[in-house]
Novice: 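Below is the structure I would like to discuss, written out as structure tokens.
Heads up: numbering here begins at 1 and tracks the sequence. We count ligands from 1, going down the list as the structure has it; atoms in each ligand are counted the same way.
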Amino acid sequence: AAKKLGRNRWQFYHDAMNEQTEERLRIEGALRSALERNEFVLHYQPQVDLASGRIVGMEALLRWQHPELGMVPPQRFIGLAEETGLIVPIGAWVLRTACAQAKAWNDMWELCGLAPLRVAVNLSARQFAQPDLVASIAAVLDDTGLPAACLDLELTESLFVDDVAQALDLLHQLKALGVALSIDDFGTGYSSFSSLRTFPIDVLKIDRSFVADIASDADEAAIVVSIIALAHNLKLRVIAEGVESTAQLEFLRAHGCDEMQGYHFSRPVPAEEFGKMIRSGRSLAAELRREPAPEP
Ligand code: C2E
Ligand code: MG
Ligand code: MG
Ligand code: MG
């Protein structure tokens with residue numbers, strides 16, 4: 001009986017494994033053709049300046065518009081795209097599309113007397129390891145006509161731990177193009193204070209896990225206040241991610257955080273909707289004025 005049970009168990013794992021492998025192969029094949037079939041889209045989430053209340057930029061976030069599965073969020077496929085290396089052509093598409101879109105918007109808004117916005121693009125470790133990364137970014141800026149100062153590259157802390165000398169060289173080359181460099185999900189990775197001192201970073205993005213409880217948890221609040229102070233002491237801009245409530249917003253404003261991004265202001269939205277948001281002059285200042293005064 002034990003033997004039979006063992007066999008069944010093995011059969012069970014075996015089937016589960018096959019199912020997993022099949023699922024992976026299926027997604028991998030679908031990912032491969034998704035680029036050709038134009039199934040990727042970018043959504044844009046506004047980045048809001050906390051002092052002025054104005055939208056000053058947007059993060060481009062990838063979605064997969066799958067014919068059967070519908071809108072697939074990046075967590076479902078970015079990992080596999082990274083493992084298979086498909087993130088390289090996909091990331092190249094993201095960069096080009098986001099820069100072209102930002103350029104088109106900025107041209108339009110300039111006619112309306114509005115200041116140009118920055119666009120933030122996420123770079124994966126795999127892209128970072130491509131020998132032609134700097135040249136390909138330069139080519140995208142050149143082709144689209146987006147000023148380098150309007151592009152913000154979001155990197156994660158994991159990029160800084162492997163080969164420090166090489167990473168440093170690459171970051172300096174990227175800086176020489178004139179783009180801004182951000183550390184995404186700051187606080188969740190492995191970067192040390194010395195890496196912040198060493199690397200030519202412009203922006204820290206506080207991970208939303210720290211922002212979640214700032215209004216209710218004194219320890220979380222202390223961490224966020226410390227990150228803001230650290231960023232400012234190092235002359236970096238600081239952006240809070242995942243701001244979902246007025247209480248979080250007020251806390252961040254009171255503690256001098258520069259910018260925020262989060263559902264409280266807007267979820268990531270399709271390009272058309274983002275365009276409308278800008279044209280309508282939507283701002284945090286206007287929204288706060290409309291909100292009833294808090295109870296004393
Ligand atoms: P991320 O770069 O840290 O992007 C922020 C994520 O937080 C986005 O999830 C965004 O929708 C979500 N978010 C924004 N505000 C809030 C909020 O108030 N509450 C909550 N709960 N979430 C909020 P999304 O779009 O699902 O992207 C997830 C991750 O996938 C990104 O995290 C990024 O690491 C990766 N990703 C997205 N697009 C790309 C891309 O084009 N290339 C690469 N390499 N990675 C990407
Ligand atoms: Mg990001
Ligand atoms: Mg993040
Ligand atoms: Mg992330």
Novice: Need the ligand 1 atom indices (1-based, order shown) with element for anything under 4.0 Å from a heavy-atom of Glu244.
Specialist: 17 (C), 18 (O), 19 (N), 20 (C), 21 (N)

Novice: May I ask you to identify, for Asp207, whether its side chain, its backbone, both or neither come under 4.0 Å of ligand 1 on a heavy-atom basis?
Specialist: neither

Novice: Relative to atom 6 (C) of ligand 1, which among Gln75, Arg208, Glu59 owns the nearest non-hydrogen atom?
Specialist: Arg208

Novice: Below 4.0 Å, non-hydrogen atoms only: which portion of Asp185 touches ligand 1? Side chain, backbone, both or neither.
Specialist: side chain

Novice: Does Arg54, at its CZ atom, have more than 12 non-hydrogen atoms belonging to other residues, nucleotides or ligands within less than 6.0 Å?
Specialist: no

Novice: Check Pro200 against Lys175 and note the closest heavy-atom contact, atom names and distance.
Specialist: O-CD, 3.4 Å

Novice: In ligand 1, which numbered atoms sit nearer than 4.0 Å to a non-hydrogen atom of Gln45?
Specialist: 14 (C), 15 (N)

Novice: Within 45° of the axis and under 6.0 Å from the centre of the six-membered ring of Tyr263, does NZ or CZ of Arg208 qualify?
Specialist: no

Novice: Is it the case that Asn122 and Glu59 place a side-chain donor and acceptor less than 3.5 Å from each other?
Specialist: yes

Novice: Select one of side chain, backbone, both or neither to describe which atoms of Arg267 lie under 4.0 Å from any atom of ligand 1, heavy atoms only.
Specialist: neither

Novice: Determine whether the side chain, the backbone, both or neither of Ser124 has a heavy atom under 4.0 Å from any heavy atom of ligand 1.
Specialist: both

Novice: Under 3.5 Å, which donor-acceptor pairs do the side chains of residues 65-73 form with other protein atoms, sequence neighbours left out?
Specialist:
from  : atom 1 : to    : atom 2 : distance (Å)
His66 : ND1    : Glu68 : N      : 3.0
His66 : ND1    : Leu69 : N      : 2.9

Novice: Report, rounded to 10°, the angle at the Mg ion (ligand 3) between the two atoms OD1 (Asp184) and OE2 (Glu241).
Specialist: 90°

Novice: Less than 3.5 Å apart, which donor and acceptor atoms pair up between the side chains of residues 126-133 and the rest of the protein, not counting sequence neighbours?
Specialist:
from   : atom 1 : to     : atom 2 : distance (Å)
Arg126 : NH1    : Glu82  : O      : 2.7
Arg126 : NH1    : Glu83  : O      : 3.4
Gln127 : OE1    : Ser124 : N      : 2.9

Novice: If Ile, Leu, Val, Met, Phe, Trp and Tyr residues are connected whenever their side-chain heavy atoms lie under 4.5 Å apart, and connections chain through other members, are Phe274 and Leu42 in the same group?
Specialist: yes

Novice: Determine, using heavy atoms of Arg63 and all atoms of ligand 1, whether some pair is separated by less than 4.0 Å.
Specialist: yes

Novice: Looking only at the side chains, is there a donor atom on one of Asp152 and Ser182 sitting less than 3.5 Å from an acceptor on the other?
Specialist: yes

Novice: Please determine whether any non-hydrogen atom of Gly91 lies less than 4.0 Å from an atom of ligand 1.
Specialist: no

Novice: How about Gln173: does its CD atom have over 12 heavy atoms from other parts shown lying under 6.0 Å from it?
Specialist: yes

Novice: Which atoms from ligand 1 have a heavy atom of Pro74 less than 4.0 Å away?
Specialist: 24 (P), 25 (O), 26 (O), 27 (O), 28 (C), 30 (O), 37 (C)

Novice: Can you name the N, O or S atom of Asp185 that is closest to the Mg ion (ligand 3)?
Specialist: OD1

Novice: For ligand 1, is there an atom lying under 4.0 Å from some heavy atom of His43?
Specialist: no

